[in-house]
Structures are given as structure tokens and as C-alpha cells.
There are 2 protein chains.
Amino acid sequence: MPSALKTDVTPTMSDKTTLTDAVHQLLRRAIIEQALKPGMRLPEDTVGEQFGVSRTIVRHALVRLENEGLVVTRRNRGAFVAEPSLEEAKHVFEVRRALEAEVIRLLVERMPRSGYDQLEAHVRSEESVKGKDGPVSIRLAGEFHILLAELTGNHVLARYVSEIVLRCSLIMAMYAKSHSSDCAVDEHSQIIAAIRDGDTRRATSLMDHHLGAVAGRAELEPKQDSVSSILSRYGKELAS
Amino acid sequence: MPSALKTDVTPTMSDKTTLTDAVHQLLRRAIIEQALKPGMRLPEDTVGEQFGVSRTIVRHALVRLENEGLVVTRRNRGAFVAEPSLEEAKHVFEVRRALEAEVIRLLVERMPRSGYDQLEAHVRSEESVKGKDGPVSIRLAGEFHILLAELTGNHVLARYVSEIVLRCSLIMAMYAKSHSSDCAVDEHSQIIAAIRDGDTRRATSLMDHHLGAVAGRAELEPKQDSVSSILSRYGKELAS
DNA sequence: CTAACGTCAATTGGATACAATCCCCTTGCC
DNA sequence: GGCAAGGGGATTGTATCCAATTGACGTTAG
């Protein structure tokens, strides 16, 4: 277990956020940043003792993560970090394209005043970590899309986009060789420009291309650094 | 508490479905069918004792329902059946339109062989309960859309549509005067026909109109049969 | 009579204890 | 040597128990 997870959760316990929320977010970040790799087991008491909380809390957090599609639980077997199949990955990207098309439609229609400032600030922060393609750049790339969704003012939409983006991050972590967000940042800027021009078609097309490129890169070469990951994936096919 | 909820949950307890699942689904149906009205409190031990299970189970079920947006929980106050505001209702319908547009796109592209048979069978069952517009017709109307989504083969999409449709059912229960699914059944048939013709544009337009009509009906007149519901809604506005 | 304060009951937040289930490994048999 | 059945260990599923927070009521002072 990576030492990064050994942080204690209780310093600001009653800061309006419940313990479950804290564990939930920590686990989520750990999964997205690949501290917890796909297929890895998540025993309730192990996790709980790492965070200094009881199984009850971990359980609740795992339920949420399962609803988000980031972990799967098998009856009396426990929770595992999800290993999306290529088919599921395709499905996730299909939904994502639909949702983000709606985001663009809405933003062209009603982008808030400070929207472009926030977006450009975000792009700048993306550029600042452009070189070192680590977990941070993955997270920032995702947060750009989440920010877009939030700017629509539609919290329901923002929530779904957020979920989907996280799942995509997990998928990219599994399948993409290198995240190479070099072009992504440029594409983000172009999308902003298209929205500013009120050109829904171009913006949507750019977004489709953006996501399509990402998905395409992913499908081309399953990441093969982890033997257990590969084996368990084969094992899953066998079991079905 | 309605006696319909007094069913025991444990007859086929270990039938591959956990107690939490059972309670979750039962509560969900109770909410959708308006046995549990918006704003109603859901004390853990009361519910648990009604179903003959412990608070722990109810708790897990409530967590899931909260994730689905059907209940809201306030810190140390407990769980309540959600009372979506008009704004939130609008957001939900926006997302729904986007998702269902994608469903149609995909179905025109790849409707499975037995798809039309299933759809027509469903429409027939909708027509059979056309007169008595009760909870059943609400449920069936929703299940039509869920069936559409499932026929895409995209389980991720189907899941989101399912969630959204359930939320819409709750919204309709709150705001719509009468569900009057008279035209809805016709519209369902027309949508099927448009998909069969491969006419994406017409099918999408029909669907938009279908949902738009539903949303429009909803927004025109908030349901005013329950004083407590109205008051609590006003109270919520006050609290913000 | 009103408003603020203190106490109390009710309910959830969380932890621990017990039971059921499943996987895996061993062992015996073919 | 391989396969099947049984047992042990580990992990989840569920229930009960204690603590913390909140809302409400009653009391009291102004």
C-alpha cells in the first residue's frame, strides 16, 4: 500500500464534511491518480485501518464509488478497483460525447460572465504542468471538462459529466500508453474559442475530435505493464 | 404509513440479491408510485422496522437513493424524499433530452433484431392500462424509455437514462396535475416508427416534443394538493 | 408578553461484535 | 497424476451498542 494513502482523515473532522465524504474523495483521488491500480482489492478493514476509521465508513464510501463505476463489488468477495472492459470504455465515451455536446450547446447559449476567465486560467494552469505528464496533468485535463460542465449552471449535468470524466480517467490510466496532453491543452483552447464565437457546430466537432482522439489512443494499445491486470482481464472473459 | 409498505422482505433472502438491494428497490418504487410523498421523512429505524431489517440496511439503501437523487439527507436530521425545485427539474429534463437524443442516434444505427417486438409489446401493455392513470401507468411510461436505452446495448447509457427517468417520475409526481398519458402512448408509437424509418431527425424531434410537453405540463402548474409540500418548498427557498 | 437560554428527548453518526458466505488449500480417492 | 470433496481462513453481511449533534420544549429574566 502506497505511503501516500497513510494520511489521517480526522484533523478537521466536523468541518461540515462527514467522514464518509472524506474517505470517498481520498479513495477517488487515489484511484484516478493510479495509486490504486485497476483490479486491486480494497478490503474494508485494511482501508479503514489505513485511514483510521471503521469499516462502516469505508463501506459507505465504497457504495458510492460503486455507483460511480470506479469500483466493482462481488458478493462476499469484496470491492475491487474497476477494470473497465474495452466495450465498457466505448460505452462510457459514447455517453461522454453526448453529455459534453449538451454542455457546449448550453454554454453557447448561456455562458456566465466570468466563465471565460475561469477557463483561461485553468488552461494556463494546465500549460504550466505540460511537461511533466503525471497524475496531476491527468487530473487537470479532467477538471477542465468538469469546469465546463459547471459553467452551464446545470448541477445535474455537471454531476454526470464529473462522474463520466472520472471514469474516463480510469480508462485512460488502464489503456493509454502515455497521456501526452500536449495537444489536449491546445484543443481545450480551441474549444473555448469556438464557444466564444458562438459556433456550436465547430465547438462540438472539436470536442468530438478531442474525445475521439483520446478514445482512439486508448483503444489502440492496452497498457501492458501489469501482468496481474492483463491476467485478471482474461480471467474475467473466461468467467463470463 | 401506507400498509402497502408492510411487506416482509426476507422470503427469498439469499436469492443472489442482498437485503440492501431489496430495501433499495422497494423504497424506490414506493417513492415513484407516490406511496412516499416528496418531503416525507424517512427515519431509519421506522423504515427498518417496517421492513423487518436493521437500521444498517436502511442506511445503505438511503445512501444509494441519495446518490440517485431521489432522497436528500441533512446532517444529523435524517433522510427525506427529495423535493426537486423547479430549477432542478429543468436541469434534469435538459440532461434527459440530451441522453435520449443519444439513445435515438444509437438505435437508428444499431437496433437489435428483437428490439421492435419488445417495444411494441411494451406499448401494448401501456395501452392496456391507458384508462386508469395510476402509479402503474407512470411506471410503465418511464419503463418505455428505459427499455429504449437498454436496447442500445450501452449499459452505461441505460443506467443514466434509468436514473434520470426515475427522477423525472418524481418530478412529475410533484408538479404535474394529471399524468394524462393518453398522448404519451401515441407518441411512443410514433417514436418507434421514426426510428424504424431511420429518420434520426424526426425521432429526435418527436422525443424532444414528447419530453418538452411533459416538462411543459409540469412547469405550468405545481401540484397543490398537499399543504405541507407547498410549505416546505417555500421553507426551502427561505432557508437558502 | 417576548425573547433568550438551558435542558431533554429523538435521531443519526460511527464502532464493534457476531454470523454467514465464499475462496483456496489440503487431502483422499480414483 | 488428476480430480473431487471437505475443512480452514479470511472477508463481507448484518445486528446491536455507544456517542454526538440537533431540534423542541419549557423556563426564566427583562
Side-chain angles (χ1 to χ4, degrees), chain A residues 1 8-27 36 39-67 71-82 228 231-232 235-236 238-239, chain B residues 1 8-27 36 39-67 71-82 228 231-232 235-236 238-239:
Chain A
M1 185 82 48
D8 197 13
V9 132
T10 49
T12 59
M13 176 190 94
S14 64
D15 248 350
K16 227 53 178 172
T17 152
T18 183
L19 276 178
T20 303
D21 293 328
V23 173
H24 174 211
Q25 290 186 17
L26 252 53
L27 280 178
L36 299 171
M40 194 172 274
R41 293 201 58 230
L42 298 172
E44 292 176 358
D45 42 7
T46 302
V47 175
E49 126 188 351
Q50 283 288 326
F51 286 129
V53 299
S54 174
R55 271 183 51 210
T56 312
I57 309 300
V58 179
R59 205 172 172 67
H60 282 95
L62 289 176
V63 168
R64 293 198 194 168
L65 289 168
E66 184 181 20
N67 282 340
V71 314
V72 295
T73 64
R74 300 165 77 163
R75 191 179 166 74
N76 289 318
R77 287 290 315 280
F80 303 80
V81 178
S228 73
L231 291 184
S232 64
K236 188 193 291 179
L238 223 57
Chain B
M1 182 87 43
D8 197 13
V9 130
T10 49
T12 59
M13 174 191 95
S14 64
D15 250 350
K16 227 54 178 170
T17 153
T18 184
L19 276 178
T20 303
D21 294 328
V23 173
H24 174 209
Q25 290 186 17
L26 252 53
L27 279 178
L36 298 171
M40 194 173 273
R41 290 201 59 227
L42 298 172
E44 292 176 359
D45 43 8
T46 303
V47 176
E49 122 188 356
Q50 283 288 326
F51 287 130
V53 298
S54 173
R55 271 183 52 211
T56 312
I57 309 300
V58 179
R59 206 177 172 67
H60 290 336
L62 289 176
V63 168
R64 293 197 193 171
L65 288 169
E66 185 181 20
N67 284 339
V71 314
V72 295
T73 63
R74 299 167 75 165
R75 191 178 169 75
N76 288 318
R77 288 290 317 278
F80 303 80
V81 179
S228 73
L231 290 183
S232 64
K236 189 193 289 177
L238 221 59

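Lettering of chains follows the sequences in order, A, B, ..., and the numbering in each one begins at 1. Heavy-atom basis, side chains included; hydrogens, waters and symmetry copies ignored.
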Is any side-chain heavy atom of A/Phe51 closer than 4.5 Å to a side-chain heavy atom of A/Leu27? yes
Given side chains that start at C-beta, do those of B/Thr20 and B/Arg64 come closer than 4.5 Å, heavy atoms only? yes
Nearest-angstrom distance from the residue atom [atom1] of [X] to [atom2] of [N]:
X       : N      : atom1 : atom2 : value
A/Arg59 : D/dT14 : CZ    : P     : 7 Å
A/Arg74 : C/dA20 : CZ    : P     : 24 Å
A/Arg77 : D/dG9  : CZ    : C1'   : 14 Å
B/Phe51 : D/dA15 : CZ    : C1'   : 18 Å
B/Arg64 : D/dG13 : CZ    : C1'   : 12 Å
B/Asp21 : D/dT12 : CG    : P     : 17 Å
A/Asn76 : D/dT11 : CG    : P     : 13 Å
B/His60 : C/dG13 : NE2   : C1'   : 13 Å

Find every protein N or O atom lying less than 3.5 Å from an N or O atom of nucleotides 15-18 of chain C, and list the pairs.
residue	atom	partner	partner atom	Å
C/dA15	OP2	A/Ser54	N	3.1
C/dA15	N7	A/Thr56	OG1	3.0

Looking at every heavy atom in both B/Leu62 and B/Glu44, which two are closest together, and how far apart are they? CD1-CG, 4.0 Å
Please report the closest heavy-atom contact between B/Val23 and B/Ile57, naming both atoms and the distance. CG2-CG2, 3.9 Å
Where the side chain of B/Glu44 is concerned, which of C/dC22, C/dT12, D/dT12 is the nearest nucleotide? C/dT12
Taking only residues two or more places apart in sequence or in another chain, which ones pass side-chain contact (heavy atoms from CB on, under 4.5 Å) with B/Glu66? B/Val71, B/Thr73
Which distance, rounded to the nearest 0.5 Å, do you find between the NE2 of B/His24 and the NE2 of B/His60? 13.0 Å
